[in-house]
Amino acid sequence: MAATDRPVLAFKQGLAGLFKSEKLADFTIVCGPHTFRVHKAILCALTKYFDALPNFAEGAQNSIELKAVGSGDGDDEACDDPEAVKLMVHFFYHLDYSADALAIAPSPPTVDNAFGGVTTSYKGKKKKRIVTHGWGESVDDAPTAPTSPSTDGNMLMHAKVFAAAVKYRVPALKDLAAEKFAAAVAINFNHASFAEAARIAYTTTPEDMREIRDQVVEVIHANAELLMKHDVMEVVHGDSNLSCELLRKAHGMSAVAVGEEDREDVEIALQRLRQDISGVLP
Amino acid sequence: MAIMPAGRMANGCKKGLNGADIDFDTTWGILEKAFHEIHTKNASALSFEELYRNAYKIVLKKKGEDLYNKVAQFEENWLGNTVRARIVKNLTAPLMLDGTGRTLNTQTERRDAGEKFLKSLKGAWEDHQVCMGMLTDVLMYMKDRVYCTDHRQPSIYAKSMGLFRDQILRTPVRPGSPNLLEILTRIILDQIQMDRDGEAIDQFLIKSNVYMLEGLYDSDQEVEDEKLYLRSFELDFLHSSAVFYREEGERLLKESDAGTYCRHAKRRIDEENDRCRSTLSESTTPKIQRVVEDELIRHKMKGLIEMETGVSFMVENDKFHELSLVFDLEARVDPRKPELTRAMQKLITEMGTNINNSAIAASQAPAQPAPADDAAEDAQGKSKAGSAKAINQQTVAALKWVEDILGLKDRFDSVCKASFASDQTVSTAINRSMADVINAFSRGSEYISLFIDDNMKKGIKNKSEAEIDATLEKAITILRYLSDKDIFETYYKKHLCKRLLLNKSQSIDVEKQMISRMKIELGNSFTLKLEAMFKDMTLSEELANGYRAHVKNLGDADPKRVDLGINVLTAMTWPLEAFKGASEHDGPESRAQVIYPPSIDRVRLGFERYYSDKHSGRKLTWQTNMGDADMKGTFPKSKGGKPRTHDINCSTYAMLILLLFNELPAERSISLEEIQVRTNIPMSDLARNLQSLSVAPKTRLLLKEPMSRDVNPGDRFSFNESYKSEYIKVKVGVVSAGNKVEGDRERKETEKKNNDSRGFAIEAAVVRIMKQRKELPHAQLLTETISQLSAQFKPDVNMIKKRIESLIEREYLERIEEAPVPSYRYLA
């Protein structure tokens, strides 16, 4: 380890120690079954959300209760998963987190790459090339690798953490969760939890949060066999955004319109259509 | 209300998973209630988590736009109803009527009413900002993500600020009456006016309101230079300030003196600076400065300078500090200080013209009877004495002129130093005006030379080196300004010539110092001839000594031998006409050889031989008219006394005349004509010398028959045996050779001569230029000639043209016929 990293390491250790010991903790976060003793200063360093508290009741009480999913009134999208909150708080003090590892689901043997390789369609795009850091390989390089020791494959939890990071405005965590989500989805899209992860991605974040939505669209597009799964189809049915994006994808366009680029995409799609038609006609 | 960007296809499929389920109104109800609490300052009981979650939920359900509109509507109602009503309540009726409440009785009442309004507005603004801060925290997602970037809407914060502007400031208090922004502007302006009048006001209160105006924009786009402050208040402020200062400036010009005005203007500028800092906005500082500078300085400078107590008064009374105030003021608005510079130049010209005029008046004033100080002149009749006095008076006038001019320069130099920080522009202008004044005076060259002459002869006597230095420096100072340096050179040569030959100079060292100063100042070529004169003097001394030694070596020890002191002068260098009296106007025949008695002639021939041995091929011309002689005269004893001897010092001519009488019996008399024949002295010189010898009572060595004041043809002269004098040494004065101001005719001659020599200089320059350039257009030849000669004098264009004509006639040049512009060609 380089000498310059030593202070960083020491700081990280100190930070972790603070979390563990709860020393000087001046604020309490409650979510579902969990209670965390935390430090306002550290919260404020990572998120804007807690800046606003002093004017409100939470500021006076020095505690906040984050409403947990399933705690009553039916609008769970805006509530939090206690486990995700736990990981978020963990992140505040460790600048990283890890979810429970899932077993990697095997690919169904019936389906091969008849719909065009993920690799080619993925590489053909000029954007959204997500590279994971600290996780070994990039998504592009090994999207279909059957196993990878570097990911827990728990795309559902990463989607939840991502949603929490968005809601509580923790940009660093948001990026990290998106990376982890991408790595997990890439190898584990056949897992039963994929449908739920896709639902979380499309319902618990504002629609302009593209990071994990893009992953979902890509994976479904590249692996058409997913559309044969009942639970996945249910999610696609239920969310008009997701349906639209898949449709655009099928036409070779980007999932969402992006200004000028979009027009280009439409042109290309139309051209391809014409070629297909001319090939069919005598 | 939001415009959908084209191609946003994702929005086309609107229904979300649970989109239908969300009860927007319920959620909004929670938020609205909370917002009300926030606006009534009861936020501390609210749960941020709940509000944020609800707002977030609306955004997740893609109802953000509805939420935005709801919030905007809520703010509009709140501001328009609750807040505005509260402020209007604090607006007393008089304020509403005319904006500033002029109808209120006292200023204090007016101020209090204004402050009450300002306070309520300040409070409303600050509350609004705090509340909106909290609202945007709750609406964090809506604030800067969903709405402002995607839909090109102002953020909800900006929107609410726009609502404040529209609902509070821009809505009329009641139909037909001014809106709050107008009232606010008028109240602030009124308070600033109080501040200017010396009343204490609450600066911070105004500043708070200014902050508000600076935080609001003309439109919801929030363009930086469209702040409400800039768009509305500042314009009014600058306008009303301009009106105020214009009037104040005009009043002060009428009522106070210039010094007070300057101080006041300076104070006003500082005040406005402070005001911008403490009460308004720093960004206004340069603008209000410009206004005050325009109204109090730029537009008033001329009036200020021309005040009775203005610049000329200050200069005359040495008000250096006030002058520096004027300077500072104008320097502030224009680095070239045009008005002040013009005023200084005008003053110098005025004062300089006065000096010039009084010098002319003094030199032309009728002679006043002066105490007899010179025996010879005294005797020579009134008209003669009168004119001599007049000449003397002119010399005094010349000296006075020089001193006055120097005084003028000193005065303005010290003003420039003390008041204008030795400013380059002003001092250049002062110098230019000094030069104009000096060159406008036609006798400048002569007077400067006379000034030096007088100092060399008398002035530097008994003075320390430093004092002498200062005197020389004075002369050089004026000299620098002189453009016709060639004329000065002519006079200086003439005066120097007399000083050297007549031994009038106090110190040859100082003379040489002067020359070397001139050399530094005016260049080598200027002093060349002057230095040659000194060289002649030195050589002559050596020559005379050499000759004396030579005579001694000859062993000719004749005790009666006449001793000879001699100056051999190079003819071209010395202005020998200087020795011609004013009345002389001799033709060339006067140069005819004088007849010397043998004793004298022997010496003369002896020297000529000696000289031609040393320098073959040189011709010596004897300038008898310039010499003088020491003689010993023996007079028979009177009754009961010894024979008396006197040492007589007289001119060479007088010596020749007296020597004639040596050979005559005492009683014999000879006529004027006879003397003339026997000496061949030019008649006018002869008459003058005879006058000195026979008319002046103290040196009446000869008797004249008949006795009258003037020497007339046919007069007879005899030796005066009974001459008496109480002194052993007698000096026979001849109407003489002091350096005085020229008479009119002399001046004309000098001028003519000067013009001639200028003509030559011009021709020489033209030929030089043409020789080098071969062909040249007329205009260019003119400029080059002028620039070549500028060190010596400013050539007259007509003169140059004439000289060119003359050169063409003499075939040095020819006109180039085919040239598009008049041009010349050099003919080798």
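Convention: sequence-line order gives letters A, B, ...; per-chain numbering from 1.
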Worksheet, complete the sentence: Whatever's closer than 4.5 Å to a heavy atom in chain B on A:Gln61 counts as neither
Worksheet item: Would you say B:Tyr56's side chain and A:Cys79's backbone share a donor-acceptor pair under 3.5 angstrom?
Response: no
Worksheet entry | Which portion of A:Leu66 sits near chain B, non-hydrogen atoms under 4.5 angstrom | both
Fill in: Residues, nucleotides or ligands: over 12 heavy atoms within 6.0 Å of B:Lys227 NZ
yes
Worksheet entry | Test side chain to side chain contact (heavy atoms under 4.5 Å, CB included) applied to B:Asp137 and A:Tyr49, step by step | CA-CA 8 Å; B:Asp137 280 343; A:Tyr49 181 90; over 6 Å; no
Practice prompt. Verify, without hydrogens or angle tests, whether A:Glu207 (side chain) and B:Lys62 (backbone) share a donor-acceptor contact under 3.5 angstrom.
Written response: no
Worksheet, complete the sentence: OH of B:Tyr52 to CD of A:Glu58, rounded to nearest 0.5 Å, is 13.0 Å
Worksheet entry | Point-to-point distance, once rounded to the nearest 0.5 Å, from CE of B:Met134 to CG of A:Asn55 | 4.0 Å
Worksheet item: Is the number of heavy atoms from other residues, nucleotides or ligands within 6.0 Å of NZ (A:Lys40) greater than 12?
Response: yes
Worksheet entry | Atom pair CG (A:Asp80) and CD (B:Glu49), whose distance is rounded to the nearest 0.5 Å | 7.0 Å
Worksheet item: Quick one: of A:Val166, A:Leu242, A:Thr205, who has the most non-hydrogen atom pairs under 4.5 Å with chain B?
Response: A:Val166
Discussion item. Go through it in stages, so that I can follow the logic: the residues are B:Glu50 and A:Lys67, the test is side chain to side chain contact (heavy atoms under 4.5 Å, CB included), and I'd like the CA-CA distance, side-chain angles, deciding distance and then a yes or no.
Written reply: CA-CA 8 Å; B:Glu50 184 191 355; A:Lys67 199 161 196 260; over 6 Å; no
Worksheet item: Non-hydrogen atoms of chain A under 4.5 Å away: do they reach the side chain of B:Val130, the backbone, both or neither?
Response: neither
Response to the item:
All heavy atoms of A:Phe56 vs all of B:Leu46, minimum pair found to be CB-O, 3.4 Å
Fill in: chain A contact via B:Ala43 - which portion, at a heavy-atom distance below 4.5 Å
both
